[in-house]
Amino acid sequence: MATDPICGMYVEESPRALKVARNGITYYFCSESCLQQFQAPELALSRLKILVALGAILTIPIIPLSYLPIITDMKLNNYLLFLLSLPVQFIVGARFYRGSYDALRMKAGNMDLLIALGSTAAWLYSVIVTFAPGFFGSLSQTTYYETAAVIITLIQTGNLLDHITKRKASEAVRKLVSLQPQIAKILRDGREVEVPVERVQPGDIIVVRPGERIPVDGVVVEGGSAVDESTITGESMPRDKKPGDEVIGATVNKTGMLKVRASKVGQDTVLAQIVKLVEEAQMGRAPLQKLADKIASYFVPAVVIIAIASSLLWYFIGKIGLTFSLLAFVSVVIIACPCALGLATPAALLVGAGKGAENGILIKGGDVLEKLQKIDTIIFDKTGTLTKGQPSVTDVIPVGKAAEKSILYYAAGAESGSEHPMGKAIVAAARKAGVTIPEASNFEAVPGLGVRAEVDGREVLLGGPLMAKFSIPSAWNRLQDQGKTVTPLALDRKPVALLALADTVKDEAQAAVASLKRMGLKVIMLTGDQEKTARAIAQKLGIDEVIASVRPEQKEQIVEKLQKEGRIVAMVGDGINDAPALAKADVGMAIGSGTDVAKETGGIILIKNDLRDVVTAIELGRATVRKIKENLLWAFIYNVGLIPIAAGALVPFLGPSIYQVLPFLAAGAMAFSSVTVVSNSLLLRRFKVPSI
């Protein structure tokens, strides 16, 4: 059995089933409408916007006309309510009838069936009262047009928000695809020829100049350069490439010219695999079945059985006549109409999401909130998430009597024109120390080796490989053991200092990790960086489990492995390389300063870039789900409590005439239940951010 990626219903994987293949994934659909929504999401979204607008325009006047004496002529008032509610019931609410048909075809009950059943019973009862006012007795003149209209419009509004969230997910995939260059420069008969990237074949030699993106995966055959792989690996430090080294498509060549032999093209590239992983995780997994749907799966058949049984019982055994027997059936179905049940979840979600936004936490859907309160494992990306994402100078260690400002003066002068992150970090450190940056001459950046320049007439060498023949102090190994990048500095061919650089930890990271561990969560660091650097950062933060040197697809596999072990996993990341894991995790949390792809893939965006908001989000999720369950309990008590009365529990005591006043009781109880649910949800506004 497969799961419909649109509605979540189970579909048999038969040759005749509705299906479509995309990026190597086959999706199955329960109906033509779900298939059309999948294939043309923009069209489906625009149609839904029109339906919600129509529902709102017609429902807003229905409410005052139902409860206020605006039109004193009851017959005229009912005619007007009928005309306003008719399009809401059968145009705005058409999807509930289609969903009911699909549910019955699949022999399953869902909220669509419960909404269609309850709203139709309320609307048909109102139509009979309007056009045959004496049918249910002279006292039974109450109509329920507003009940049907409010339920349909409210739930369609929730569906619109769900569609918007799904569109954001598809935008993440489009932005991933846009990272790949459209044109590649390949060598043909000794000449450079520009061709569409789709026409690049394995074995073609591609020329990539500084500043250009590498179009496909390949191997360097000539040249040397530093390549910025942050779009794929998430690591801030460019990697030096020389002949024989592999390069990844969509990464940026920074310094020298490269000639690359294409090895993987089309759907085989690393970027294409990331796109496939993200789309598969977003659309291929079974959607979380909401608690209301679970209730509906049992509640619908129970209501129908009770309604039919009560009607037949009173007709054949109670001998109360056909009119009152029909009224018994209608009363049970109307009482079961899920007004409060329909409000229970969206009311709490609305307040919870508002409270989150107030505290810099954007929550994209109710399933995200429901999963938050179940999280037992949280995975952090390192670079840009736990750390600041940019290198900075952490140590300046003189060799001999050189002063720190003098060291920074020459090092920053040599790097003053560099675009390399390490060079920018050295210049920033010099400025912070109050050093005036001198101009350099005869600047030469040797790809993969370092920098050579002249500053104030002195030769400056900066970079490890350039200094290989000089003796290096023992501090080198100590700094490297701390996960730092060590860059030696020489003046006139004499070593004068070691500069250590590292991606420093965010100020609030340690407190956030400690709070999560106190909450009983398992905390894991996942990074593409080397083991030594990762361990050094983890030790500072108190993280015990570290998984280093992993590729984007491996991150997703690690999340899946933990899920198969029965863990509910949250992933916190900021980069394109985190997108597959963010999509695969039960809850993906994207850092606000991260890439658009990460933010659109994650279910939660932490706008303030503060890791303490991870703790706040989990606590808010727990509080919101508590409110949802309380609301569902209130709504369920209302439905279950009044159903016996609707079925005739009071008839032996008060006689069949009870059905003539039951509509008044139902209207009052329905209003009380809805007010209770909304009021209980509003209590979430008292939620306080935990002190960390």
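Across Ser310 and Ala307, no two heavy atoms sit closer than the pair OG-O, 3.0 Å. Taking all atoms of both residues into account, the shortest heavy-atom contact from Leu58 to Pro87 is CD1-CB, 3.7 Å. Closest heavy-atom contact between Leu516 and Ile618: CD2-CD1, 3.9 Å. Residue Leu80 comes nearest to Ile71 through the heavy atom pair CD2-CD1, 3.7 Å, listed as atom of the first residue, atom of the second, then distance. Residues Pro652 and Ala649 share a closest heavy-atom pair of CD-O, 3.5 Å. Across Ile604 and Leu606, no two heavy atoms sit closer than the pair CG2-CD2, 3.9 Å.
Val625 has its side chain out of reach of Leu372: every pair of non-hydrogen atoms, C-beta onward, lies at least 4.5 Å apart. For the pair Met519 and Ile375, the minimum side-chain heavy-atom distance is 4.5 Å or more. Residues Leu84 and Leu65 are in side-chain contact: their nearest non-hydrogen atoms beyond the backbone lie under 4.5 Å apart. A 4.5 Å side-chain heavy-atom check between Gln563 and Val559 finds at least one atom pair inside the cut-off. With contacts defined as side-chain heavy-atom distances shorter than 4.5 Å, the pair Leu81/Ser66 qualifies. Gln373 is not listed as a side-chain neighbour of Arg626, based on a closest heavy-atom distance of 4.5 Å or more. Using a 4.5 Å cut-off on side-chain heavy atoms (C-beta onward), Leu620 and Asn359 make no contact.
Contacts of Arg518 classified as side chain to side chain donor-acceptor pair (under 3.5 Å), with partners at least two apart in sequence or in another chain: Ser515. In this view, Glu630 and Lys627, Asn680 satisfy the side chain to side chain donor-acceptor pair (under 3.5 Å) rule, not counting sequence neighbours. Residues meeting the ring-ring contact (aromatic ring centres under 6.0 Å, His included) test with Phe82, sequence neighbours left out: Trp123, Phe131. Listed by chain and residue number, Thr377 satisfy the side chain to side chain donor-acceptor pair (under 3.5 Å) test with Arg567 (two or more places apart in sequence, or in another chain). For Ile57, there are no side-chain contact (heavy atoms from CB on, under 4.5 Å) partners at least two apart in sequence or on another chain. Looking at residues two or more places apart in sequence or on another chain, you find a side-chain contact (heavy atoms from CB on, under 4.5 Å) between Thr120 and Gln89, Tyr97, Leu124. Partners of Lys75 under the salt bridge (charged side-chain N to carboxylate O under 4.0 Å, His left out) rule, at least two apart in sequence or in another chain, do not exist in this structure. The salt bridge (charged side-chain N to carboxylate O under 4.0 Å, His left out) check on Glu619 picks up nothing, with sequence neighbours excluded. Listed by chain and number, the residues in a side chain to side chain donor-acceptor pair (under 3.5 Å) with Glu358 are Lys355 (sequence neighbours excluded). Take Arg622 and apply the salt bridge (charged side-chain N to carboxylate O under 4.0 Å, His left out) test, not counting sequence neighbours, and it matches no residue. Take Leu83 and apply the side-chain contact (heavy atoms from CB on, under 4.5 Å) test, not counting sequence neighbours, and it matches no residue. With sequence neighbours excluded, the residues that form a side-chain contact (heavy atoms from CB on, under 4.5 Å) with Thr616 are Ile361, Asp613, Phe687, Val689, Pro690.
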Report task. Assess whether side chain to side chain contact (heavy atoms under 4.5 Å, CB included) is satisfied between Ile62 and Val150, documenting all intermediate values. Result -> CA-CA 9 Å; Ile62 286 175; Val150 167; over 6 Å; no
Query raised in the report: When you look at Gln156 and Arg95, which way does the side chain to side chain contact (heavy atoms under 4.5 Å, CB included) test go after all the steps?
Result: CA-CA 9 Å; Gln156 283 288 54; Arg95 64 141 287 176; 3.1 Å; yes
Query raised in the report: Is there a side chain to side chain contact (heavy atoms under 4.5 Å, CB included) between Ser681 and Asn631 once you walk through the steps?
Result: CA-CA 8 Å; Ser681 299; Asn631 289 346; 2.8 Å; yes
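Distance check, rounded to the nearest 0.5 Å: CD of Glu556 to NZ of Lys584 gives 5.5 Å. The structure places CG of Leu562 at 10.0 Å from CG of Asp586, a figure rounded to the nearest 0.5 Å. The structure places OG1 of Thr676 at 11.5 Å from CG of Leu633, a figure rounded to the nearest 0.5 Å. Summarising the geometry, atom CG belonging to Asn77 is positioned 8.0 Å from atom CE belonging to Met74; distances are rounded to the nearest 0.5 Å. Between the CG atom in Leu582 and the CD1 atom in Ile379 there is a gap of 10.0 Å [rounded to 0.5 Å].
Screening Thr130, Asn78, Thr59 for a side chain to side chain donor-acceptor pair (under 3.5 Å) involving Tyr145 leaves a single residue, Thr130.
Counting non-hydrogen atoms of neighbouring residues, nucleotides and ligands closer than 6.0 angstrom, the OH atom of Tyr79 exceeds 12 such neighbours.
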